Q: 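What follows is a single structure, and I will ask about it in a moment.
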Amino acid sequence: MATHREVMAFVATCLLFLIATVSCKRKVTTQLNYMCDVPECKTGVNGSFPNLVYVRAQEESDVLHYAISTIHIPTILVIHTRGDANSKLNVDWEKLIVEDEFTNDSISVSDPKTVVYSYAVVFTKLHEYNDTADAADLNSYPAWNSTERVVRDFDNFEWMEASTVKGEENAFVFNSTMLVNSTNDMFGHDAPRNYTPSLSFTFRVFDEQSRESSLPHLLYNENVTQFDFTLDNFMPSFSMSRFAVELAIISQSQKEDMSIEETKSIDDEYTPGVFRITNLKARPKDQANGAFVQWKPVCYQDSPRSRSVATSVQKYALGDIKNVTSLLKSSLAYAYFSDVLFSDSMNSATTNVSFGLSKDGSYTKTNYTSWTASVGHGNPPIDKVSLLVIGVISAGLGIPVIIIVFGGIFVCIRKQRKKSYRHLQDVSSSYPQNGVST
Ligand SMILES: *[C@@H]1O[C@H](CO)[C@@H](O)[C@H](O)[C@H]1NC(C)=O
Ligand SMILES: *[C@@H]1O[C@H](CO)[C@@H](O)[C@H](O)[C@H]1NC(C)=O
Ligand SMILES: *[C@@H]1O[C@H](CO)[C@@H](O)[C@H](O)[C@H]1NC(C)=O
C-alpha cells in the first residue's frame with residue numbers, strides 16, 4: 001500500500017509543480033524613457049543620458065512597476081500595487097531631469113493606496129584597491145591609506161543611451177564610458193576621456209520561473225529582475241587592482257535588522273564547483289513580504305563565461321546608509337520616497353561585494369570582471385535537485401528495487417505454484433486410486 005501512496009504523492013507534486021509554473025506568468029511590457037516629454041531624453045544632459053526603463057509586470061490586478069534608471073545614480077526601484085489593473089507609474093520628467101536635486105513626488109503611482117510594498121536597490125560606489133598582499137579582501141587594507149585606493153561615486157559616471165539586448169526580450173543594457181572626472185584619481189589629475197563603454201549594467205525582467213541560460217544559471221521567477229555588472233577594459237589604477245561594488249537596499253517596512261548570509265547550495269548541476277549562494281534579506285522575519293538580493297559567490301574574468309575563467313565573490317557585513325545619504329538623495333528611490341526614505345517607516349542597509357580570489361591574477365590579469373545577481377521580493381529562490389537528477393537517481397535506485405520486487409513476486413508465485421502443484425499431487429495421491437485399478 002505504501003508504494004501506492006508514494007505514487008499518489010509523486011503525481012500530486014508533479015501537478016502542483018505544473019500549476020505553479022503555469023499560473024505565475026505575468027504580462028510584461030517595457031518602455032525606455034517612458035512618457036518622456038523633455039528634450040534631454042534624446043540629447044542627454046552634459047553627455048550623459050537619463051535612461052529610465054519602465055517595466056510593468058502584470059497579473060490581473062497585481063502589478064509590479066520597475067523603474068530602472070541611471071538618472072544621477074544607477075537604481076532599481078520596484079513598486080508593487082494590488083487592486084487596480086490599470087495602475088501605472090507617473091513620471092514628472094521636468095522635475096527628474098531639469099532640476100538638480102530631486103524634489104519629492106517626481107515619481108509616483110496612479111493610486112498610492114494600492115501600494116502593497118516598495119523597495120529599491122541603489123548602486124552607490126565603485127571601490128578599487130591595490131591588493132599588494134594578494135588577500136582579495138577589501139577590509140585588509142586601512143581605509144586611510146588612500147594612495148592604494150580609489151573610490152568612485154556612481155553618480156559621477158556618464159551613461160550612453162540605454163539599448164535593448166539583441167535577441168532577448170525585456171533585457172536592457174546601460175553602458176558607461178568613463179568618469180566625468182575622478183576626484184580621487186591617484187595621479188591627482190583627470191582620467192582621460194574614453195568613449196568606448198567600459199562599465200555596464202544589464203537588466204533582465206522575467207515573466208515566469210526558470211533559470212538564466214548563461215552561467216552561473218541563477219534561478220529566477222516572475223518577481224525577480226537580474227542584473228549583470230561588467231567591467232570590460234575599465235582602466236585599472238594599480239598593477240594589482242581589485243574592485244568592489246557598494247550597494248544600498250531600501251525596503252518599505254518597520255525597522256528590523258536585515259541579514260546577509262551565505263548558505264550551502266546543492267546546485268552543482270548548473271554551476272559546477274559552486275556550492276554556495278548568498279542572500280541579502282530585507283525582512284528576514286517576514287521575508288515572504290520582503291525584498292532580497294541574491295547571488296552566487298562567483299564572477300568571471302573573461303567572456304564567454306566558463307568554469308575556467310571563474311573567480312570568487314566576497315560578501316561583507318551590512319552597514320548603515322548614513323555614509324551614503326547624499327548619494328541616495330540623488331537616486332530614483334528618493335524621487336519616489338522623498339524624505340520618508342530616511343524615516344522610521346523604511347528599513348535600509350548598505351554592503352560591499354568584492355570580486356576576486358587570492359592567486360587569480362587580480363583584475364589586471366584580463367581587465368575584465370562580470371558578476372550577476374538577482375533583485376526581487378518574497379523568499380529568494382532555492383536551488384532544488386532538478387527533475388532530471390531525480391529521474392536519474394530514481395532510475396538508479398529504482399531498477400534494483402524493481403528487480404527485487406518483481407524477483408520477489410516471481411519467486412513467491414513460483415513457490416505458490418509449486419505448493420499448489422504439490423498440494424494437488426498430495427490431494428490426488430491421497431485419493432484411493434480406484435479409478436486406475438478399476
Ligand atoms: C600596487 O601594488 C604592487 C604590488 O605590491 C606594486 O608593485 C605597485 O607599485 C603598487 N602601486 C601601483 C600604483 O600599482
Ligand atoms: C565598503 O568598503 C569601503 C572600503 O573598504 C568602506 O569604506 C565602506 O565603509 C564599506 N561599506 C560598507 C557598507 O561596509
Ligand atoms: C590592463 O590594463 C592596464 C592599464 O591599461 C595595462 O597595463 C595591462 O596590460 C592590461 N592588461 C591586459 C591583460 O590587457
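Predicted, not measured: the structure shown is a model, and the values here were computed from it.
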Q: So which heavy atom on Arg56 is nearest to which on Asn86, and how close?
A: NH2-C, 3.7 Å

Q: Is it true that Asp134 and Arg242 have a side-chain N and a carboxylate O under 4.0 angstrom from each other?
A: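 The answer is yes: the pair qualifies as a salt bridge.
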
Q: Quick one: closest heavy-atom pair of Ala333 and Ile250, and the distance?
A: CB-CD1, 4.2 Å

Q: Please determine whether a side-chain nitrogen of the Lys or Arg among Arg204 and Glu168 lies less than 4.0 Å from a carboxylate oxygen of the Asp or Glu.
A: yes

Q: When Phe243 is tested against each of Tyr368, Trp371, Tyr363 for ring pair (Phe, Tyr, Trp, His ring centres under 6.0 Å), which residue passes?
A: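 Answer after filtering Tyr368, Trp371, Tyr363: Tyr363.
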
Q: For Asp92 and Ser106, does a side-chain donor sit closer than 3.5 Å to a side-chain acceptor?
A: no

Q: In a check of ring pair (Phe, Tyr, Trp, His ring centres under 6.0 Å) between Phe174 and each of Trp159, Phe203, Phe227, which one passes?
A: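 Going through Trp159, Phe203, Phe227 one by one, the ring pair (Phe, Tyr, Trp, His ring centres under 6.0 Å) with Phe174 is satisfied by Phe203 alone.
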
Q: Does the plane of the ring in Phe201 sit parallel, tilted or perpendicular to the ring in Phe123? Use 30° and 60° as the thresholds.
A: tilted

Q: Inspect the surroundings of CG in Asp257 and state if more than 12 heavy atoms from other residues, nucleotides or ligands are less than 6.0 Å away.
A: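 No, CG of Asp257 has 12 or fewer neighbouring heavy atoms, counting only those of other groups under 6.0 Å.
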
Q: Would you mind reporting whether Leu126 and Leu199 have side-chain heavy atoms less than 4.5 Å apart?
A: yes

Q: Check for a donor-acceptor pair, side chain of Asn130 on one end and backbone N or O of Thr132 on the other, with a separation under 3.5 Å.
A: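 Side chain of Asn130 to backbone of Thr132: no pair is present.
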
Q: State, without any angle test, whether Ser118 and Gln252 hold a side-chain donor-acceptor pair at a distance under 3.5 Å.
A: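 Gln252 and Ser118 do have a side-chain donor-acceptor pair below 3.5 Å.
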
Q: Answer yes or no: is there an ion pair linking Lys25 with Asp207, defined by an N-O contact shorter than 4.0 Å?
A: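 A salt bridge links Lys25 with Asp207.
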
Q: Sequence neighbours excluded, which residues qualify as ring pair (Phe, Tyr, Trp, His ring centres under 6.0 Å) partners of Tyr34?
A: Tyr54

Q: What's the shortest heavy-atom distance between Ser312 and Cys299, and which atoms?
A: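 Nearest pair, atom of Ser312 first, then Cys299: O-SG, 3.8 Å.
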
Q: Assess whether a salt bridge exists between Arg276 and Glu262, defined as any Lys/Arg side-chain N lying under 4.0 Å from an Asp/Glu carboxylate O.
A: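 So Arg276 pairs with Glu262 through a salt bridge.
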
Q: Can you see which heavy atom on Gln294 is nearest to which on Leu218, and at what distance?
A: O-CD1, 4.2 Å

Q: Only one of His65, Lys113, Lys88 forms a side-chain hydrogen bond (donor to acceptor under 3.5 Å, both in side chains) with Thr81, so which one is it?
A: His65

Q: Has the side chain of Arg305 got a donor or acceptor atom that lies under 3.5 Å from a matching backbone atom of Tyr300?
A: no

Q: Within the distance-only criterion (no hydrogens, no angle test), does the side chain of Thr70 pair as donor or acceptor with the backbone N or O of Pro50 below 3.5 angstrom?
A: yes

Q: Ignoring hydrogens and geometry beyond distance, is a side-chain donor-acceptor pair present between Arg283 and Ser251 at under 3.5 Å?
A: no

Q: Is a donor from one side chain sitting under 3.5 angstrom from an acceptor on the other, for Gln301 and Thr366?
A: no

